[in-house]
Each structure stands twice: as C-alpha cells, then as structure tokens.
Visitor: 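My questions all concern the structure below.
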Amino acid sequence: MTNVITDDKIPNNVNLSGDKRLQRALEAWQPKFIDWWKEMGPAPWNEKDIYLRTAISVETEGWANFDYVKMPDYRWGIFLEPKKEGRLHHFGDNMGQPVWDEVPGEFRNMLRRLIVTQGDTEPASVEQQRKLGETAPSLYDLRNLFQVNVEEGRHLWAMVYLLHTYFGRDGREEAEELLQRRSGDADKPRILGAFNEPTSHWVSFFMFTMFTDRDGKYQLAALAESAFDPLARTCRFMLTEEAHHMFVGETGVQRIVKRACELMKQEPNGDVRKAGGVDLPTIQKYLNLWYTLSLDLFGGEVSSNAADAFASGLKGRYKEDRYDEHKLVGSHFAMDVLENGKVIHKDVPMRNALNEVLRTEYIKDCQRGVDRWNKTIREEGIEHELKLPANKFHRQIGMWSGHFFTPDGEMIDQAAFDARRTEWLPNEADETYIKSLMQPVYERGKMANWIAPPIKGINGLPGDFEYVKLP
Amino acid sequence: MDKPSADGGPTRFETHPSRYKHWKLAVTGELATLTMAVDDEHPHKPGYELKLNSYDLSVDIELADAILRLRFEHPEVKCVVFTAELDRVFCSGANIYMLGLSTHSFKVNFCKFTNETRIYLEDASANSGLASLCACKGTTAGGGYELALACDETMLVDDGNSAVSFPETPLLAVLPGTGGLTRLVDKRKVRRDRADVFCTTAEGIKGKRAKEWGLVDHVVSRSSWDATVTERAKSLSAKQTVTRGPAVELPALSAKVEANGVKYRYVELQVDRTARTGELTVRGPEASDVLDFTTPETWSLHAFRELDEALLRLRFDFPEIGMIAVRTVGDPKLVVLHDELLATTTTGFAREIRLLQRRVLKRFDNTARSFYAVADSAQSCFAGSLLELALGADRFYMLIDGDQKIGVATSVANAGFNVMSSGLSRLGARFYGDPELATAVLQRGAPKPKSPRGAIALPPERAKLLAEHPAYKLAMSIEMIPSEEAEKLGIATIAADDIDFGDELRIALEERASLSPDALTGMEQSLRFVGPETLETKIFGRLSAWQNWIFTRPNSTGEHGALTLYGKPERPQFGWKRT
Ligand SMILES: [Fe+2]
Ligand SMILES: [Fe+2]
C-alpha cells in the first residue's frame, strides 16, 4: 500500500497538495515517523482516546481544536505563521535588505546545523518521557503529558518540513537521522546533553518542562527573528505551543510545592517525607539539576558561532525589536569570565556574548517562575525560599565547566564540591524516594498524595473530566 | 641514567614523557596508546587557551618526542593508537587563536614541523614495523584529521554527530596546513570531486558517508568502540614483521643556549645578527667515542639528534639569519667507520639510527635558509654521512690547499639510502641529468681495502674488536678526493686556492644575505628538489607555495580577513579577484 500524503491527513498551510517534492519526501518519512512513535513514544497508550488539542489552521479558532484522539492518529500538521510581505533583515550585517525565502548558499551549512540541533531536541524529549504514563499522578496530568508529547512530535515535523523543503538530499538524510538518534543511547545519543538525561519521574518531568522547555522557548524566539523567513515563521508558530509546555512545568512544580507546604503543616514536626510528599529541600535539588542542565543548552559564554549567526542574520536576540541598536558592532556586554583561574567581570564584544545575553534573558524568566513558587510558599504561611543557583554552578558546557562553584557562586575545588554534591543535587536516595511516590492515579478527579490539584481543568472543563478514556 | 635536562632555551624541542603536558603515553606489550589530553592552560606562548584538544607547537613537540621514543625506546611496540581523553572531541586541529597571534614565519615553520612529524610517523610504519591507528571517538577537525590521515588506519565513531572535517577553507580562508589536501587525494585516494565537497563543508562528513568516500577506514558504534580499537590495533600489529630493537633510552641532549647561538657536544650554531649570517659546525666522532651500536651515545645517533634540534632552533629562534655556512670538523676515517659499521649492523636499533639520519638530512633540505657548505681547513671532514650536508647545501665551497689535506670522501651513506623527499639520493639529485657522474663519484671515493692508508689510535679494547672488522678496513683505506678534483667531479661548486678563496667566500655570503629572503626561499626549494614529485615534495611544495601565499593575503590575514576575524564579532570581507 502506498502512503498517500494529503492535506486532510496532514493539516498545513504550506500548500502541501501542490508541492510534489515535499509530498514525495514526506511520503517516505512519515511511515518512519509513525514507526518511531510506536517504538519510542508512549507505547501502551497508543490505543487510548485522549482529550487533545490539535492545530488544524493558524487562525485563532483553528490552532486549538480539542477532541478525543488516539495518539498515532494525531494529525501532525505543518504550520508557519502567515508570511508578511516586504519583511527586511532587521539586525546584523545585512540590515535593510529583503529577507531570504530560500536558503542562501553561503549560510546553508550553518542554517542546517541550527535546524538539526533544534529539531533533535523535539523527539528527544518524547523519548525521555515515554515511561511517565505508567506513574501519572492524575488523568489531568496524564493528558498534559501526552499533549506535550504530540506537540513535540509536531515540532519535529516543523523542522523536518524545513529540512525537506530547503536542504535537498542532505536535508532528507538529516530528517532520517532525527529518527535514528535516541535519547541516552550509548551509540547514537541525542546531540545535546540535557536531552540524554533520563526524565524518569514526574518531578523531573515538571522541572524539565519548566526549565528545559523554557530554553526551547528562548532558542525558538531567537530563531523566530531569523532572516531566513521560513524558519522565522515556523518558530513563531511553535512558540504558541511551547507556552503550554512551560505552563505544565511551572504549575506542576507549584502544585508539588503547595502540597509540600500542606503536609508540613499536617505533620507534627513538619516531616514532609513521612507524610508522603516531596519536601522543599528535595525540590530545590531537582531545581538545581534541571536548571543547570538547561543553562548548558545555550552554549559557550563567548562564542564565535553566536557572533556569526547574528552577523549573518540567521539568529537574533530575544525580542530583537525591543532593542534600539541592531548591528552590535563595537558594543560590549559586561559579564563574568574566567581568566587565569579567576572570575572577573569584563566587557566582551556583544556579538560574541549573544549566547550569554540570551541566557541572561532566560534566567530572568526562570526567576519569575521561582518567584511565583515562593509566593505559594508564603501564602501557605511557611518560611522557606527556593532559589536559582548561580549560573556557574554545576555546568558541563562553556567557560565554567571543569571548575567548581557552590550554588551561591563561590569558587571551590573539586574535592569540596564532591563532598557537598549530594547536599546540592539529587542523590540516589532521593531518586529512590521520589520513585517510591510514583504510583499511578487513574481515577477521575483523584490526585496523588504528593501533588495538589490544579486550579482549573483543560479548555474550561472541570478537574474531574475524563481526560483520558480508560476501559 | 641520564635525567631529562633542565630547560635549555627559548624554544626547546627536546622533551621527555615525564614532562608531557598534553599527551599521555602508555605502553602495554605490543600496543602503545598516545592519548591526546591537551592542557588548555599550558600553551606554547601566553595569549590563548588550548580548548577542545586544539594544538600548538608545544603539543606537537611532545608528539614528535613521543614518536621518536616509541621508535627507539619501545621496539616491542608494533602499533600505536592515537586517542583522546575528551569524550565527544578527538581533536579540533591547530588552535586558531594561536595562528591569529603568530608571525608569518612562525606559522610556516609550525606547519612544516608538524608535517615532518607526521611524515616520520608514516616512515615508522613503512620502514620500522610500527603501525598506527587513529581512533577518532568524536569530532576530528583540521589538523586532527591530518593526524588521522598520517596513520595507517582511521576509525571514526558513528554516533550520528561526530564528523571528520577540513573547515580551513570555508571558515578561515586558509588551507589545511599539514599535508591534508595532498594526503586526501594522493594517499587515501579520495575521489577529487568528493574531496572538493569535503574541503568546503565546514562541519565535515560523518558516519557511513565518511567511510563510503574513503575519508576513514571504519565507522564504529560507541558500544563496540573499545573492542574494535583493540581488534584493529592487534590486527595491525600482527602484520608487522620488521625486527626492532634492542631498546635504548635516549639520553638528554644538553644544549648550551647562548645569546647568539646554541652549542651541543658535536653541533654548534653561531649567528651574526648584524650580517644576518650564521655558522653551523658539525664535529665528527672522536677516536675515544664509543664505536658500537648498542648505545644511544653513539655519534651516529647523538650528533644527528643534535643537528636536528639545532636546525629547528635555527628555524624558530633565528628567523632573520638567512645565510648559513656549514662546516665540519673531524677525522673522515672515523665518520666512514661509523657509517660502514652502522650499515653492516643488522639490529633494529642500527636501522633506526640510519632512518633518523635520513630524516634529519631531510629537515636540512627543507629548511628555508641558504646553506653554503665550506671546506676550508685540513680539519674539515665532509665524508660519508657528513658529505650529505655538502651535497644538500645550495653551494659547496672548497679551498685548494697545497698538500691536498682538504677533500671529501664517500661512504655507504652516499650510495642511496639517504634519499631526499623526492626519493633521489643527494648525489642522484646533483647529477639529475647524468647518473653516470654520480656513479663516477662513488667509484672514485670508494675505499680501496687492499691498500690501507691510515690507522686510528683507537682505545685498546676497541682496537682489538675492530682490527679485523671489514668496516674498519674499509674506513682505514679511504682516499680523500682533493678539492680541485672534487670540483672537476662536480662535488664542489667552487674550488679556489688561498689567494682567492677568502674573498670568494666572503662576497658570496654577503651577496646572498642581501637578496630577498622570500625569493630565495622559493628559488632554493625549486632547485633543491629536482626530479620526481612524491607525496612529501608535494606536501612541502604546496605548503611553501600555496599555503604561505594564502597566509599572507588580505582575505585570510588582512584587516578584514577570515583568520584575523575568527572569534571576533565582525564577519570577513573578501576581495573577489582571482589569479
Ligand atoms: Fe518543542
Ligand atoms: Fe516543548
């Protein structure tokens, strides 16, 4: 049976039915994607009806279409924000010139690398999360997990669309390899470190969607500024979905925090673990872990690649329009750098510092989320503060990797770090404890003991709605 | 046992595994592992960090030392495996910031030295029964891939990400500087159109395609990596049949560095900075020197190791000394005795010495300075292996003395073993149009064992051992070819008597020192390497011509050049005119 690609099967606004080349590429790729989904996605749940949101057009009424659907039948679509005519380069060396509708030969490899690196994270997170359905704390959360999963699948489609349409044979090969690498695999790991860490329980899942998906938001936002117009338009549409993933993460952690506070008050001596909750110090450790893994994703603090990508107009800053100056020649960014083993504050040419500039925006955004968690703690009448660790703490990539810092940013030696490691980062006992809490709750409206219920349900529906139909 | 000597001067090329900062050498039975673990905080000169296993001269000096020691000190090793300590990066090539900070002459000499090291690695496999395997478990870029190209076999990890690459042209507007382009098509025989694609794709080629295109020999998964490395290394070592050894420990060279030169036991370099000239003097062996080939102190090894380092110091530390007069001092009979003994000793160690001599003499040919050999004293000793210096020099000046004490003598060392990069012997290159003249010189200079003409006051225990040795008889019966005849035979460029000689030589040196060093380099390299092209001549020729030209062009090193601006916020701007 031939696999026929139609507009109906794949909702799109890229004139798929009129694009023979794209059709042919997708006809070959789509069955491999489904095979990948069945092998590496949330396998046991493929036959279940799940209340999911599907984007079927980019109009306001079309991008959030709610209905029951079985995941393999989910209509992974290809959507780009509608084209704005007359768009010009608005930053970098080519400012004022018309943006590119085709890949410029000069930047073909750099662009392909950017797209493949972004694209690789999408299936990676589905793989990382594939077992979580077995231990969901509620049907509401189970459904949110799957919503995130199918949308990461759609993000993969979006990147594959770009590879297929603009990068010829190389693009088709890269699209195949996106399905061949595997998160955490010894032989073919995913490209970026954080996407090879196991997301083996729901505390990690919420931290991941809070912190790692937020990296995705900032990367997408920077690419949404791109002068390669199809990439910019693709990323802008993806950002709408990413917002939901971060909502899942931030509210997920907030509900765990809330429950921890409640249990502290219930237990005579405040022992949250004794009451079967996740205590605030343990939450802090998972925060430390996932936040720092996510900081790594922004790349080196001083980077010639970042300078190149900006200069050539391929990757801008977060909300480039907010800035007054868009060439960044001769301007500097004051930041901490390591020189001769010492941390000093120093001016770095702005273009080379753009990874750090983006990371700084990201850190502010994370802080806003942590502030809201602390507000919850205060509202519960508890005195405790969750904190983002220093950006130098526990880094594997960039200038601070190979050096050791406390969460307060104080430089220490490796022995001192190792001695206090389990104080700052989850240890095996923490993992064992958290996993012991992970018992599934599939009853409508019920919630696991370690997490508070959400304030409201999905799409205006009540909390006890049957988000996933179980026999 | 000699301890490694203390730091000897501005650029020290001799080192010792106990002082390595960038490599780890481990030997287990027939296999050696050289692990690249570049210490980013110890570059050759301050001003840059050696991130991601990038290398500079300090890294390459250690590599050269390690290969030398494997050849002499570890004859049991049949295969050396190159690997890296970093997980996702094998080697990211020459450090770009270092290149950006370096003078032109430094860059050229750096590239030349790394090339010579890699050729010596290839020579170990071709002639010494020491194979090499490059185990690239991660990104392998630029000079990292050039190291792989110099190995017998290369494996690349198949992790969906790691690639081999030559990003020099697309990223830096220069060329791979360590023979990469030539080895790609001439040695690995990668199809040239594919090589074209490869060399312009900054991120390189990975996985299946890297193998299909012949860029690597094996692509191997991470999980079967270690087992495959061992298996390939064992298979390579099983193929080695050359007898090596016995093992010796190389003694330290003990260089005495002075403001205007450097002094070793047998070799001395003195420069005159005002005149921009220098004198390189090589002493022959003393009668009291050890005369067998079981010790690394032997003149045949030690003097050539000293010459090797002196040439490198000349290149790196004395860039403005363009004209070098080369003299020798000693007893020609003793040089010939050493050459003949060396050639008839069948140990691997003796062969290793001859191969080292050959390499050092090539270093001499490839040094971009004007060399005039000068025989102007009765103590001069241009015989056998030292005659190669006169034959390799650009000119040879000989003084005609009344009693014909000054002359040259040939030995087995001139008869073909000591080839130049072109594959020709120096006599062969000298008489390229007329091979019979080379034969005539060898016949004229050949010892006449029936009629011994001399004797040497050897230490008694040596004399007993050697008296009946054929090499001794040969050496004692050599007949010097006096200057006038040497000129007729085509050995001397100019032979003159003492009325003319002094002025003749002085003017020649002064005149040479006044000519454009750039033009001289090009001219000398063109004339020295007459005859056929080989992989080596192509590598050095293209390095001298193309790479050096490109290095000085605005598109790479001008204000807006790609190399200048690498890592800076601005993008390069090219001038578009092609030649
Ligand atoms: Fe995504
Ligand atoms: Fe996401």
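Note that this is a predicted model, so its numbers are computed, not measured. Lettering follows sequence order; numbering is per chain, from 1.
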Visitor: What part of B/Lys568 lies closer than 4.5 angstrom to a heavy atom of chain A: side chain, backbone, both or neither?
Guide: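 For B/Lys568, the backbone is the part near chain A, not the side chain.
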Visitor: Measure A/Arg190 against the heavy atoms of chain B and call it side chain, backbone, both or neither at under 4.5 Å.
Guide: backbone
Visitor: Between A/Met110 and chain B, with a heavy-atom cut-off of 4.5 Å, which part of the residue counts as in contact: side chain, backbone, both or neither?
Guide: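 Just the side chain, heavy atoms under 4.5 Å.
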Visitor: Do B/Glu153 side-chain atoms and B/Leu133 backbone N/O form a donor-acceptor pair below 3.5 Å?
Guide: no
Visitor: If I measure from the heavy atoms of chain B, does A/Gln180 come under 4.5 Å with its side chain, its backbone, both, or neither?
Guide: neither
Visitor: In terms of heavy-atom proximity below 4.5 Å to chain B, should A/Ser312 be classed as side chain, backbone, both, or neither?
Guide: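 Contact with chain B involves both backbone and side-chain atoms of A/Ser312.
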Visitor: For chain A, which candidate among B/Glu49, B/Lys51, B/Arg88 shows the most heavy-atom pairs at distances under 4.5 Å?
Guide: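 Greatest number of close heavy-atom pairs with chain A: B/Arg88.
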Visitor: Taking the inter-plane angle between the rings of B/Tyr55 and B/Phe110 on a 0 to 90° scale, is it parallel (under 30°), tilted (30 to 60°) or perpendicular (over 60°)?
Guide: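 Answer is tilted, since the angle falls between 30° and 60°.
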Visitor: Side chain from CB out, backbone as N, CA, C, O: work out which of these in A/Glu174 comes under 4.5 Å of a heavy atom of chain B, or both, or neither.
Guide: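 When you check distances to chain B, only side chain atoms of A/Glu174 fall under 4.5 Å.
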Visitor: So which of A/Asn305, A/Asp187, A/Asn340 has the biggest tally of heavy-atom pairs under 4.5 Å with chain B?
Guide: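 Ranked by contacts with chain B, first place is A/Asp187.
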Visitor: A/Met350, A/Arg112, A/Arg108, A/Lys327: which one forms the most heavy-atom pairs within less than 4.5 Å of chain B?
Guide: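 Most heavy-atom pairs within the cutoff with chain B belong to A/Arg112.
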Visitor: Within 45 degrees of the axis of the six-membered ring of A/Tyr323 and under 6.0 Å from its centre: does A/Arg317 put its NZ or CZ there?
Guide: yes
Visitor: Check whether A/Asn196 reaches the backbone of A/Gly184 with its side chain - one donor and one acceptor, N or O, closer than 3.5 Å.
Guide: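 Indeed, once roles are kept as given, a pair shorter than 3.5 Å links the two residues.
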Visitor: State whether a side-chain donor-acceptor pair under 3.5 Å links B/His22 with B/Ser58.
Guide: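 Yes, because at least one side-chain N or O of B/His22 sits under 3.5 Å from a partner of the opposite role on B/Ser58.
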Visitor: Which pair of non-hydrogen atoms, one from A/Met399 and one from A/Val337, has the smallest distance, and what is that distance?
Guide: SD-CA, 3.4 Å
Visitor: Would you mind telling me which of B/Ser223, B/Ala202, B/Pro170 has the largest number of heavy-atom pairs within less than 4.5 Å of chain A?
Guide: B/Ser223
Visitor: Parallel, tilted or perpendicular: which one describes the rings of B/Tyr566 and B/Tyr97, with boundaries at 30° and 60°?
Guide: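 Ring orientation, 0 to 90° scale: tilted.
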Visitor: Under a 4.5 Å heavy-atom cut-off, does chain A meet the side chain of B/Lys137, its backbone, both or neither?
Guide: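 For B/Lys137, no heavy atom lies under 4.5 Å from chain A.
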Visitor: Could you look at A/Asp93 and say if it's the side chain, the backbone, both or neither that has a heavy atom under 4.5 Å from chain B?
Guide: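 Only the side chain of A/Asp93 comes within 4.5 Å of chain B.
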Visitor: Distance check, rounded to the nearest 0.5 Å: A/Asp120 atom CG versus A/Met159 atom CE?
Guide: 12.0 Å
